[in-house]
K.L.:
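Here you go, one structure.
Chain letters run A, B, ... following the sequence lines, proteins first and then strands; every chain starts at 1. What you are looking at is a predicted structure, and each value in this text was computed from that prediction instead of being measured. Note that these values count all heavy atoms, side chains included, but never hydrogens, waters or copies made by symmetry.
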Amino acid sequence: MWGTSERARMALSILEESIEVEDWFKGVDGFEFLIATILSQSTNYKNVRMAMERLRAKLEISPSSIAKSDLRTIRDCIRPAGLFNQKSRRIKAIARRILEGYGGRVENLLLNDDPRSELLRLPGVGPKTADVFLAFYGGFDILPVDTHISRVAKRLGIAGRARGYEGVRARLEELIPPHKRRRFHIALIKFGRSICKARAPYCHECPIAELCPSAERFRKTARGDRR
DNA sequence: CTCCGGGAAA
DNA sequence: TTTCCTGGAG
């Protein structure tokens, strides 16, 4: 019998080899990245890209431009991303906040002693959004936890008794070395979307089913055994 | 804990 | 038809 941590490390190692991750995020403008991250809340990337294209076609995606733009215009552009009434308000508020408090430059957010707290002060920026920005734009070695990653971690038994965002993140960062965390963020999401899905996970074609405590339960359920 | 949201998947 | 989505705020 293996310990929980060893099994988790083995599972993560297999995932690392079986999932390809491309570095699409390099060289992206900071403000655009922050806006895109806000838009990505509770939506898929296809909708985010659509919303960004519509925004870019209508106006310049910069703090000054967004701050000046009509709220209805922004809302109409980002409609494909969903939750557009909330997101448009928050995006515009963020643009104003960056203009007034950071000289119109998102880069200045990172110069502070505690960038994460600064980010969390922005409307529409919670733990996940802040960590994505810090990891992929700021270059910090942290592992942002989204719903996919949270679900995968819980099924694999990695989360343990860890409750809440910070608990799961701490547990995963314990298992994944700093320089690999960005890639694992992407890899775990891809895995969660394609195989370890929320509803009916494809345990039968999962490369780490043997190492997964939840896979057994799903097999039993599929056979007809109750619960 | 509920709402925000329309499109896609099941 | 219902549920789900790279969450966050009230």
K.L.:
Roughly how many Å apart are C/dG10 and B/dG5, using the P atom of each and rounding to a whole number?
P.N.:
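To the nearest whole Å, 14 Å.
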K.L.:
Between C1' on C/dG7 and NE2 on A/His148, what's the gap in Å once rounded to a whole number?
P.N.:
13 Å
K.L.:
Salt-bridged, A/Arg75 to A/Asp70, with N to O below 4.0 Å?
P.N.:
no
K.L.:
Separation of A/Arg89 atom CZ from C/dG10 atom P, in whole Å?
P.N.:
12 Å
K.L.:
Of A/Gln86 and A/Lys197, whose nearest nucleotide on DNA chain B comes first from the 5' end?
P.N.:
A/Gln86
K.L.:
Determine whether any donor atom in the side chain of A/Arg193 lies under 3.5 Å from an acceptor atom in the base of C/dT6, or the reverse, and answer yes or no.
P.N.:
no
K.L.:
Under 4.0 Å, heavy atom to any atom of DNA chain B: which of residues 114-128 of chain A qualify?
P.N.:
none
K.L.:
Nearest nucleotide by nearest heavy atom, which residue falls closer to the 5' end of DNA chain C, A/Arg90 or A/Val132?
P.N.:
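Here A/Val132 is the residue nearer the 5' end.
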K.L.:
Under 6.0 Å between ring centres, would you say that holds for A/His185 and A/Phe136?
P.N.:
yes
K.L.:
Under a 3.5 Å threshold, yes or no: a donor from one side chain and an acceptor from the other, between A/Tyr202 and A/Lys197?
P.N.:
yes
K.L.:
Which part of the nucleic acid does A/Ala200 contact within heavy-atom distance under 4.0 Å: base, sugar-phosphate only, or nothing?
P.N.:
nothing
K.L.:
Round to a whole Å and report the spacing from CG of A/Asp146 to P of C/dC5.
P.N.:
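Distance, rounded to whole Å: 10 Å.
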K.L.:
A/Ile94 CD1 to C/dG8 P: how many Å, rounded?
P.N.:
11 Å
K.L.:
Using a strict threshold of under 4.0 Å (side-chain N to carboxylate O), is an ion pair present between A/Arg169 and A/Glu173?
P.N.:
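Answer for the salt bridge query: yes.
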K.L.:
Indicate yes or no: does A/Glu6 engage A/Arg9 in a salt bridge with an N to O separation below 4.0 Å.
P.N.:
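Looking at A/Glu6 and A/Arg9, the cut-off is not met.
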K.L.:
Is the side chain of A/Thr43 donor-acceptor paired with the backbone N or O of A/Gln41 at a distance under 3.5 Å, no angle test?
P.N.:
yes
K.L.:
Any salt bridge between A/Glu32 and A/Arg56, counting N to O under 4.0 Å?
P.N.:
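Yes, A/Glu32 and A/Arg56 are salt-bridged.
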K.L.:
With a 4.0 angstrom cut-off to heavy atoms of chain A, pull out the first and last contacting nucleotide of DNA chain B, in 5'-to-3' order.
P.N.:
B/dC4 to B/dA10
K.L.:
Give the rounded distance in Å between these two atoms: CG of A/Leu39 and P of C/dC5.
P.N.:
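Roughly 19 Å, once rounded to whole Å.
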K.L.:
Just call it for A/Arg75: base, sugar-phosphate, or nothing, with non-hydrogen atoms closer than 4.0 Å on any strand.
P.N.:
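Touches nothing.
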K.L.:
Mapping A/Asn44 and A/Gly82 onto DNA chain B by nearest heavy atom, which one lands closer to the 5' end?
P.N.:
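Final value for this comparison: A/Gly82.
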K.L.:
Please determine whether a side-chain nitrogen or oxygen atom of A/Ser42 lies at a distance below 4.0 Å from atom OP1 or OP2 of C/dG7.
P.N.:
yes
K.L.:
Roughly, in whole Å, what's the span from CD1 in A/Ile91 to P in C/dA9?
P.N.:
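Rounded to whole Å, this separation is 13 Å.
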K.L.:
For B/dA8 versus C/dG8, give the span between their C1' atoms, rounded off to a whole number of Å.
P.N.:
23 Å
K.L.:
Do the side chain of A/Arg116 and the main chain of A/Asp131 share a donor and acceptor less than 3.5 angstrom apart?
P.N.:
no
K.L.:
Might you work through the side chain to side chain contact (heavy atoms under 4.5 Å, CB included) test for A/Leu119 and A/Phe133, ending with a clear yes or no?
P.N.:
CA-CA 9 Å; A/Leu119 282 166; A/Phe133 185 79; 3.7 Å; yes
K.L.:
Heavy-atom distance under 4.5 Å between the side chains of A/Leu134 and A/Leu110, does that happen here?
P.N.:
yes
K.L.:
Are A/Thr129 and C/dG8 close enough that a side-chain N or O sits under 4.0 Å from OP1 or OP2?
P.N.:
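Yes, such a contact exists.
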K.L.:
For A/Lys87 and C/dG7, give me the distance from atom NZ to atom C1', rounded to whole Å.
P.N.:
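In whole Å, C/dG7 C1' and A/Lys87 NZ are 8 Å from each other.
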K.L.:
Could you give the CD1-to-C1' distance, from A/Ile38 to C/dG8, as a whole number of Å?
P.N.:
9 Å
